[in-house]
2 protein chains.
Amino acid sequence: MTRLQKEIQQKKPFESLEAEVFLSLERTADQLLRRAEAELKTHGLSPTQYNVLRILRGAGPAGLACSQIAERMVTRDPDITRLLDRLEHRGLVRRARELKDRRVIMVRISPHGLQLLKRLDGPIRRMHCRSLGRLQKSRLRLLVQLLDQIREEPGNATVP
Amino acid sequence: MTRLQKEIQQKKPFESLEAEVFLSLERTADQLLRRAEAELKTHGLSPTQYNVLRILRGAGPAGLACSQIAERMVTRDPDITRLLDRLEHRGLVRRARELKDRRVIMVRISPHGLQLLKRLDGPIRRMHCRSLGRLQKSRLRLLVQLLDQIREEPGNATVP
DNA sequence: GCATAATAGTTGTTATAACGACTATTGTCA
DNA sequence: TGACAATAGTCGTTATAACAACTATTATGC
């Protein structure tokens, strides 16, 4: 009986190794996300909002267009507009219409937003280490490799 | 530059290997979930609803109490009641108050629900293989091990 | 045996996600 | 150059997630 089977109290064996990997991945990702969520919530941020702020910090003072933010997000969000509405309302980002192409709106992180991120950097790093520090560096590198391989070119694998 | 950095167009290196694993895990899980979602949506189910139906099928005709369903879910859901409301409304599950302990409500999957799951079994298995069949069995087993290790006893790792 | 705590679910409310239709602006090419 | 397509973002709506307060039922301890 595998560890995951115990966790979800499943009596029957998994239909396939692939099914087990799938569930294991979702469950692990969910568990880690909950911990991040708990950490971020103390500062009133959701993981998605945090992700956007990080992206904007990375982009620097030039800022990014909404669509560019969407491209870079870890998990896809179909409604960047209102996500940014909330952040702007709290004074964490600023929006400005582009003069050259007036369809585009550039978004920049505000000093207030940068300050908030700075306060979160330490706690988040510690959370990462609490969650993952148990594994040796070599195993973490291996894990990154395996995950990369999964995300690579979907739908090319042979189906039995 | 790592594969993930290209995907999320990040210029700076990751703050730590742990941070990279975290993002990589979330992104991979999200990508696989989207594919499952697309498959399930053609039958009007969300991943969470599908998960509940699978749990109930596994439980057999005895059914499960709401709280037991919650325990077994892959991703935690704080509102089982309304999740079940929707499934019951569509005739996929049935609820019955327990006579011995009248606080408890037992939930069972209906024949209609079983039938729906049966139609999904093939497509979902093929989706798993499309997503993960690219990796050798040995690498999949390794991945399961690594993920198990992450979920094990949170908060015991040493923090630098 | 009765007050109190604990457990199992439900319900109200707010916020966010998902989907699709819509507006404004720019690019294309006949 | 003027119709039409493409692109960027917004808005309306519905459904679901999250949080907290609430009801009903059972267990506990004096």
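Below, chains carry the letters A, B, ... as their sequence lines are ordered, and counting in each starts from 1.
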Between atom [atom1] in [X] and atom [atom2] in [N], what is the gap in whole Å?
X	N	atom1	atom2	value
B:Asp85	C:dG12	CG	P	12 Å
B:Glu37	C:dC19	CD	C1'	12 Å
B:Asp77	C:dT10	CG	P	13 Å
B:Arg97	C:dT10	CZ	C1'	10 Å
B:Met73	D:dA17	CE	C1'	12 Å
A:Asn51	C:dT16	CG	C1'	16 Å
B:Asp79	C:dG12	CG	C1'	11 Å
A:Leu64	D:dG9	CG	P	10 Å

Looking at [X], I'd like to know whether one of its side-chain N or O atoms comes within less than 4.0 Å of OP1 or OP2 on [N].
X	N	answer
B:Arg95	C:dT10	yes
A:Arg86	C:dT16	yes
A:Thr81	D:dC11	no
A:Thr48	C:dA17	yes
B:Lys41	C:dC19	yes

>> Side chain of A:Arg34, heavy atoms from C-beta onward: which of C:dT16, D:dT10, D:dA18 has the nearest atom to it?
In response: D:dA18
Quick check: does any side chain N or O of [X] sit under 3.5 Å from a backbone N or O of [Y], one acting as donor and the other as acceptor?
X	Y	value
B:Asp77	B:Thr48	no
B:Arg134	A:Gln149	yes
B:Gln31	A:Arg151	yes
B:Arg76	B:Ala70	no

> With sequence neighbours left out, what residues match A:Arg103 under side-chain hydrogen bond (donor to acceptor under 3.5 Å, both in side chains)?
Replying inline: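 Partners of A:Arg103 by the side-chain hydrogen bond (donor to acceptor under 3.5 Å, both in side chains) criterion, ordered by chain and then number, come out as A:Asp101.
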> What about B:Met73 and A:Leu32, same hydrophobic cluster or not, with Ile/Leu/Val/Met/Phe/Trp/Tyr joined at side-chain heavy-atom distances under 4.5 Å?
Replying inline: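 Yes: a chain of side-chain contacts under 4.5 Å links B:Met73 to A:Leu32.
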>> If you assign each of B:Gln49 and A:Gln68 to its closest nucleotide in DNA chain D, which residue comes earlier from the 5' end?
In response: A:Gln68
For nucleotides 3-8 of chain D, give me every protein contact, N/O to N/O, under 3.5 Å, one pair per line with atom names.
unit_1 : atom_1 : unit_2   : atom_2 : d
D:dT7  : O2     : A:Arg103 : NH1    : 3.4

> From B:Leu142 CG over to A:Leu142 CG, what is the distance, rounded to the nearest 0.5 angstrom?
Replying inline: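 Going from the CG atom of B:Leu142 to the CG atom of A:Leu142 covers 5.0 Å.
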> Can you find a donor-acceptor pair, distance only, under 3.5 Å between A:Arg82 side chain and D:dG9 base?
Replying inline: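 Between D:dG9 and A:Arg82, which were checked side chain against base, a qualifying N/O pair under 3.5 Å is absent.
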